[in-house]
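Whatever order the structure lists them in is the order used to number ligands and atoms, beginning at 1. Just so you know, these numbers come straight off a predicted model, no measurement behind them.
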Amino acid sequence: MFVAAKDMHYTTADGRQVLDGTAGLWCCNAGHGRPKIVEAIAKQAAELDYAPAFQMGHPAAFELAARVRDLAPAGMDHVFFTNSGSESVDTALKIALAYHRARGEASRVRLIGRERGYHGVGFGGISVGGIVNNRRFFGTALNGVDHLAHTHLPANQWAKGQPEHGASLADELERLVALHGAETIAAVIVEPVAGSTGVIMPPKGYLEKLREITRKHGILLIFDEVITGFGRVSAPFAAQRFGVTPDMITCAKGLTNGVIPMGAVLTSGAIHDAFMNGPEHVIELFHGYTYSGNPIASAAGLATLETYREEGLFERAKELEPYWEQALHSLKDHPHVIDIRNLGMIGAVELAPIAGEPTKRAFSAFLAAYEAGILIRTTGDIIAMSPPLIISKEQIDELIGKLGTVLHGLA
Ligand SMILES: Cc1ncc(COP(=O)(O)O)c(C=O)c1O
């Protein structure tokens, strides 16, 4: 149990300090208890606590939309607010379907995801997601969904940054187009860097190819940037880091530094404009949430983006990235380690599973790490780390040093 948090540390119920190696759940990119965000929330709650999200508006939501647009790659001109990553994903998928209908291409109903993709827990997200247990319990979910192959290849072991092998896996999309017909496919959704399924980096040239093929066939490309948005990959969005602009970006988490639930979908001007056919009094897009653009969340978002900017945290991530990479890869010869990969301020240390007991070794590492005073996260037998971007070099040394000791102590 955590009872308090400040900057890089959590305080446990028994009064210990734990160094946050995961930015909470990939969300507290500016660290914890940041004064500007705390003040903004209190002020907004006193001034305007709630305004209806339908028909009416309030300044903070529009201002935040403008700030997010300013951060995003050129062409991502519009913002639709949600309350989580899952809602952002389902919103983007619905916008994709409705966009094609609005343009008279109603046959485009297929959604394409990728194996080992995670897109939250809504019906849309679990359908395009590639985690079997997220689907196993809930029936067949959406029909008409297909998946690309994942890009986690043995040839890319110990890769630093983007791996060399696997760009050609994007050609699988041509196979799906040949199989189903481009005129039935609405959108492809991928995480530029897959986080929750074990940290899988995009091979060099892969995202570029996906962009080329989707454009060629009139298919929308959606980047799920719930994890990669807001500095995690040393740029505002992964789209900028990799130089590939999709048609929509989903985000959440770092948008409010994790402090208040909020997500967003960024869309191109072309997508927005396809809905603006009038007449004036008619609803353009039949979708929205009671808490879309909630004033307090909007205030938290504005203060968060201001904190990132004032402290230069995205630039800081870029400066720290080589140090982070070197520190992570120093674990290469430690017991049980079979792969290490990194990009931006993300790192993964993959452990050999215990025979017949997958996930147990990494979970033991998680428990031992907590006892040693560091918070790590595990998925399968992979240790995933994504510290707040305010981490110091000394704290990187502490995190990796303690993890090394934990690995030596594991059975
Ligand atoms: C890529 C991605 N998409 C969607 C989600 C779902 O976000 P949420 O838990 O806010 O619904 C996550 C959560 O980790 C994620 O990593």
Side-chain angles (χ1 to χ4, degrees), residues 21-29 80-96 111-131 133-135 138 141-142 145 147-148 150-152 187-202 207 210 221-233 237-239 241-242 246 248-266 289 291-292 294 297 300-301 304 343-348 375-380 382 384-387:
T22 59
L25 260 180
W26 306 77
C27 46
C28 310
N29 292 357
F80 189 104
F81 287 118
T82 70
N83 307 288
S84 67
S86 300
E87 287 184 1
S88 295
V89 166
D90 279 25
T91 297
L93 297 176
K94 286 177 71 177
I95 289 176
L111 301 167
I112 310 284
R114 191 170 57 185
E115 294 168 352
R116 291 190 73 161
Y118 180 59
H119 300 291
V121 294
F123 274 106
I126 62 170
S127 305
V128 292
I131 304 181
N133 273 342
N134 276 350
R135 299 211 301 258
F138 309 107
L142 291 188
V145 169
H147 292 78
L148 298 165
H150 68 73
T151 63
H152 190 44
V188 171
I189 182 167
V190 292
E191 300 158 271
V193 173
S196 303
T197 56
V199 182
I200 306 172
M201 312 307 179
L207 295 172
L210 266 192
L221 180 62
I222 306 168
F223 279 178
D224 184 349
E225 297 226 31
V226 167
I227 276 178
T228 50
F230 305 104
R232 180 54 52 200
V233 292
F237 290 95
R241 165 82 189 226
F242 300 122
M248 280 190 262
I249 290 176
T250 55
C251 62
K253 295 193 188 262
L255 173 57
T256 57
N257 203 37
V259 175
I260 295 228
M262 187 180 224
V265 180
L266 284 60
Y289 303 96
Y291 304 110
S292 283
N294 170 277
T304 296
L343 196 147
M345 287 304 286
I346 304 176
L375 181 67
I376 60 171
R377 184 158 169 73
T378 63
T379 149
I382 299 154
M385 285 172 291
S386 53

Distance filter under 4.0 Å to Ser86 heavy atoms, resulting ligand 1 atoms: 6 (C), 7 (O), 8 (P), 11 (O)
For Gly120, the ligand 1 atoms whose distance to one of its heavy atoms is below 4.0 Å: 4 (C), 5 (C), 6 (C)
Main-chain N/O of Cys251 paired to Ser88 side chain as donor or acceptor, under 3.5 Å: yes
Numbered atoms of ligand 1 (with element) below 4.0 Å of Lys253, judged on heavy atoms: 13 (C), 14 (O)
Ser84 side chain near Val121 side chain, heavy-atom distance below 4.5 Å: no
Numbering as shown, the atoms of ligand 1 that approach Glu191 to under 4.0 Å (heavy-atom distance): 1 (C)
Under 3.5 Å: N/O of Asp224 near N/O of ligand 1: yes
Close N or O approach (Gly85, ligand 1; < 3.5 Å): yes
pair Glu115-Thr197: side-chain heavy atoms closer than 4.5 Å: no
Ligand 1-proximal atoms of Tyr118, by part, heavy-atom distance under 4.0 Å: both
Sub-3.5 Å N/O-N/O distance, Glu87 and ligand 1: no
Side chain Asn134, main chain Ile126, donor-acceptor under 3.5 Å: no
Side-chain donor/acceptor of Arg114 to backbone N/O of Glu191, under 3.5 Å: yes
Heteroatom distance test (His119, ligand 1): nitrogen or oxygen, under 3.5 angstrom: no
Per-atom contacts, ligand 1 versus Ile227 - under 4.0 Å to a heavy atom: 16 (O)
CZ (Arg241) with more than 12 external heavy atoms under 6.0 Å: yes
Proximal atoms of ligand 1 relative to Ser196 (non-hydrogen, under 4.0 Å): 14 (O), 16 (O)
Subset of ligand 1 atoms that lie under 4.0 Å from at least one heavy atom of Ser84: 10 (O), 11 (O)
Check: Arg232 side chain, Met345 main-chain N or O, donor-acceptor pair, under 3.5 Å: yes
Contact check, side chains of Phe242 and Leu343, non-hydrogen atoms, under 4.5 Å: yes
